[in-house]
Number of protein chains: 2
Amino acid sequence: MEASLRRLPMARIKNMEEFASVSGISRPTVSKYFNDPESVRPKTRARIEDALKLHDYRPNIYAMNQNRKLTKAVGIVVPLLVDPYFAEIARNLEQRCIDAGYRPTLFSAHGDSAHEVEVLDSLRSLKPAGVLLAPLGRASDHDVLEKFCADVPTLLFDSSVEEFGLSFVGSDNRQFTTHITDYLCRTGEPPCFFEMKTPANPNAHRRRQAYLDAMQEFGQPAQVVSIEGEGWEFEEIGRIGGHKALEEGLFSTNTILCSNDRLAIGLLTACYERGVKVGRGEDCQIRVAGQDGHPHSRYTCPPLTTISHDYDKVSQTAADSLFAAIEGHVEPWKSTRIEGKLTLRDSA
Amino acid sequence: MEASLRRLPMARIKNMEEFASVSGISRPTVSKYFNDPESVRPKTRARIEDALKLHDYRPNIYAMNQNRKLTKAVGIVVPLLVDPYFAEIARNLEQRCIDAGYRPTLFSAHGDSAHEVEVLDSLRSLKPAGVLLAPLGRASDHDVLEKFCADVPTLLFDSSVEEFGLSFVGSDNRQFTTHITDYLCRTGEPPCFFEMKTPANPNAHRRRQAYLDAMQEFGQPAQVVSIEGEGWEFEEIGRIGGHKALEEGLFSTNTILCSNDRLAIGLLTACYERGVKVGRGEDCQIRVAGQDGHPHSRYTCPPLTTISHDYDKVSQTAADSLFAAIEGHVEPWKSTRIEGKLTLRDSA
DNA sequence: TAACTTTCTTTACGCGCGTAAATTATTTGT
DNA sequence: ACAAATAATTTACGCGCGTAAAGAAAGTTA
């Protein structure tokens with residue numbers, strides 16, 4: 001101990017052993033401190049914190065996780081990080097994890113099922129206390145997902161795959177579509193529904209169905225325009241499909257409700273390219289609405305009328321549910337669906 | 001061994017020890033196999049792979065990294081993942097790492113310097129073979145950055161902070177601005193330059209300077225319009241600033257070159273809101289151009305004329321340089337700047 | 001100050017794996 | 001078939017930390 005205390009102040013500390021000897025406290029106590037500073041006597045705490053100021057040592061988080069019963073690690077998985085919607089909700093979730101004292105690690109499946117499996121495998125190595133998982137959906141490997149949820153406390157969000165995991169938290173897609181359909185019907189011609197034929201996300205089916213149900217209830221003729229297109233380049237799919245639909249006059253009314261904002265953004269571009277004026281003014285030929293409240297929907301021309309996810313509420317509910325489960329509050333599986341808010345802009 | 005070989009095929013394998021006994025091969029040899037399957041005799045390899053089919057065991061990557069001289073982990077750090085530009089380049093880099101046999105882990109500083117420091121600390125625990133780092137720039141903590149680069153093989157990209165790290169790879173901002181300024185001068189009135197007063201990214205200064213230099217060379221009067229605004233909400237800053245500039249008639253010509261695409265997107269929205277027609281047609285009042293080739297620039301109205309990063313080339317050069325360095329090819333620090341391609345669309 | 005409680009130290013082992021050295025088994029060349 | 005070369009096994013230790021148990025020291029109460 002004597003020798004250690006006299007070591008040069010700036011000698012790089014390699015591990016907790018060295019830091020312990022430098023601070024004059026035993027390693028187990030130092031370990032205890034890092035797990036919870038309040039768990040050691042104030043005097044001891046002060047000595048450790050003094051040493052900390054001189055040596056800027058930080059424990060290796062991965063070594064910490066190795067032999068702990070309950071780690072502070074939380075995995076966040078989204079299907080596609082290049083979609084600003086997921087980037088935004090991931091950022092939101094990360095912040096909540098940090099605020100709650102957890103250590104988030106972010107993963108993206110990059111729209112690919114095999115990659116999603118890889119991510120889940122990596123996550124196992126992390127030994128996370130819990131995982132917030134937005135699955136790819138239809139494309140996900142259900143068996144792998146089920147096994148993963150059985151092994152790791154996992155809360156599904158955004159898109160539900162069977163009743164896997166602790167619970168599900170997402171947006172109320174039925175309410176989304178019903179609400180905006182209602183708005184469109186009340187303010188002009190009833191909407192046609194513009195969607196991808198083979199959507200990756202199961203929410204798309206709920207939205208189509210909600211549209212059909214709503215139209216029936218309002219006593220209006222429903223019309224679904226399903227366009228071709230694979231992958232995750234929704235804007236381009238919407239643009240190409242929009243051109244085709246406009247060219248062939250597939251829309252039976254002047255109002256189009258898109259299955260999601262990215263498709264709507266593509267459709268708006270198609271309209272622009274064809275010289276079709278979009279909006280609710282007298283001189284406009286067509287109304288276009290989206291669904292999601294995509295970060296970019298504010299900046300289209302015209303700005304997109306849409307129904308917006310309650311990002312904050314979804315992420316808060318998801319995070320809080322997971323934290324509660326981690327801390328032992330057992331609850332039966334349930335599905336929480338958060339309502340969206342109509343965001344009225346110029347496009348419809 | 002006898003007992004182990006008779007264990008039930010579906011008993012979950014917990015670690016390499018168990019898997020080794022199940023496969024009938026010693027643990028060190030199994031370890032060798034996972035580090036490089038080619039390094040063991042074909043017969044041994046076959047036995048391991050047979051066992052692998054029955055038991056789907058995978059080594060814990062974090063435990064692997066713990067006591068390895070050279071890990072396969074690569075860290076990727078971007079300043080802001082909610083910006084699709086960074087999301088896109090991160091995705092690109094991740095894929096290249098995987099293809100080269102490395103294991104990428106993605107981090108975002110979320111636009112915050114303290115967070116960036118946190119990320120670098122976490123990265124140390126990962127013991128990565130190398131790091132691809134796009135620093136926040138002006139806001140980055142230079143001391144922390146310098147120390148990190150000294151400890152971990154780090155390649156800087158996108159935005160250069162002094163001569164830290166192995167090398168720098170990014171876009172040639174001077175060429176970007178010179179090129180598009182030239183285009184704008186040749187096709188209409190010379191451009192004004194629209195930028196943030198206090199940009200977060202050092203590239204912004206290079207672009208302004210390149211604009212000034214180019215205008216001087218072309219013998220045209222330069223005019224820079226610098227708008228207020230803090231943070232990373234560039235679109236909104238551009239929109240608000242655009243309104244102000246248009247209101248007060250700050251632009252001396254009908255052509256505006258924006259410092260980046262996100263600012264341009266905001267400006268386009270301001271134009272729309274004021275009924276100012278943008279484009280190069282006879283009936284248009286103003287031309288707007290951006291810089292970056294932002295994923296969304298294709299879908300503005302009118303689609304944005306811009307100068308696009310060569311995402312592929314930047315990421316490939318960055319990744320290859322890092323891999324070369326990891327594999328021992330020592331080279332002096334150098335800065336590689338990739339040229340951009342003019343993307344002609346309707347806005348200018 | 002004695003008796004008690006709390007906290008810390010010591011010691012020891014575990015996590016899941018890498019790695020090195022010495023030994024034994026297998027393959028290869030002839 | 002035998003020696004040489006190659007590969008696998010055994011043994012042992014290390015990485016950086018968590019955690020448990022027993023004992024010593026410090027703090028608290030009376």
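Reminder, nothing fancy here: chain letters follow the sequence lines and each chain counts from 1.
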Residues 70-87 of chain A, side-chain donor-acceptor partners within the protein, below 3.5 Å, at least two apart:
{"from": "Thr71(A)", "atom 1": "OG1", "to": "Ala73(A)", "atom 2": "N", "distance (Å)": "3.2"}
{"from": "Thr71(A)", "atom 1": "OG1", "to": "Lys127(A)", "atom 2": "O", "distance (Å)": "2.8"}
{"from": "Thr71(A)", "atom 1": "OG1", "to": "Ala129(A)", "atom 2": "N", "distance (Å)": "3.2"}
{"from": "Asp83(A)", "atom 1": "OD1", "to": "Tyr85(A)", "atom 2": "N", "distance (Å)": "2.9"}
{"from": "Asp83(A)", "atom 1": "OD1", "to": "His294(A)", "atom 2": "NE2", "distance (Å)": "3.3"}
{"from": "Asp83(A)", "atom 1": "OD2", "to": "Arg262(A)", "atom 2": "NH1", "distance (Å)": "3.0"}
{"from": "Tyr85(A)", "atom 1": "OH", "to": "Asp158(A)", "atom 2": "OD1", "distance (Å)": "2.8"}

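- For DNA chain C, the span of nucleotides reached by chain B at under 4.0 Å from its heavy atoms goes, 5' to 3', from dG16(C) to dT27(C).
- Put simply, CZ on Arg45(B) is 14 Å from C1' on dA8(D), counting in whole angstrom units.
- At a threshold of 4.0 angstrom between heavy atoms, the contacts of Thr44(B) are confined to the sugar-phosphate backbone, with no base atom among them.
- Take Ser113(A) and apply the side-chain hydrogen bond (donor to acceptor under 3.5 Å, both in side chains) test, not counting sequence neighbours, and it matches no residue.
- Whole-Å rounding puts the Glu17(B) CD to dT10(D) C1' distance at 12 Å.
- Note on Tyr33(A): nothing from the nucleic acid sits closer than 4.0 angstrom, heavy atoms only.
- Residues that satisfy the side-chain hydrogen bond (donor to acceptor under 3.5 Å, both in side chains) test with Glu116(A), not counting sequence neighbours, are Ser140(A).
- Here Arg58(A) pairs with Glu118(B) in a salt bridge; the nearest charged N to carboxylate O distance falls below 4.0 Å.
- Within the structure, ring pair (Phe, Tyr, Trp, His ring centres under 6.0 Å) pairs that include any residue of residues 103-145 of chain A comprise His110(A)-His115(A) (at least two apart or interchain).
- Comparing Gln66(B) and Ser39(B) by the nucleotide of DNA chain D whose heavy atom lies nearest to each, the residue mapping closer to the 5' end is Ser39(B).
- Shown here are the side-chain hydrogen bond (donor to acceptor under 3.5 Å, both in side chains) partners of Tyr33(B), two or more places apart in sequence or in another chain: Glu49(B).
- With sequence neighbours excluded, no residue forms a side-chain hydrogen bond (donor to acceptor under 3.5 Å, both in side chains) with Tyr311(B).
- Partners of Asp99(A) according to the side chain to side chain contact (heavy atoms under 4.5 Å, CB included) rule, which considers only residues two or more places apart in sequence or in another chain, are Gln95(A).
- In terms of position on DNA chain D, the residue among Val30(B) and Asn15(A) whose nearest nucleotide sits closer to the 5' end is Val30(B).
- Among the protein residues, Phe19(B) comes within range of no part of the nucleic acid, since none of its heavy atoms lies under 4.0 Å from any strand.
- Ser160(A) places a side-chain N or O within 3.5 Å of a backbone atom of Glu162(A) that can act as its donor or acceptor partner.
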Problem set entry | Contact state string [nucleotides 21-26 of chain D, B base, S sugar-phosphate only, - no protein heavy atom under 4.0 Å] | -----S
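- For Ser26(B) and dT9(D), the shortest distance from a side-chain N or O to OP1 or OP2 is below 4.0 Å.
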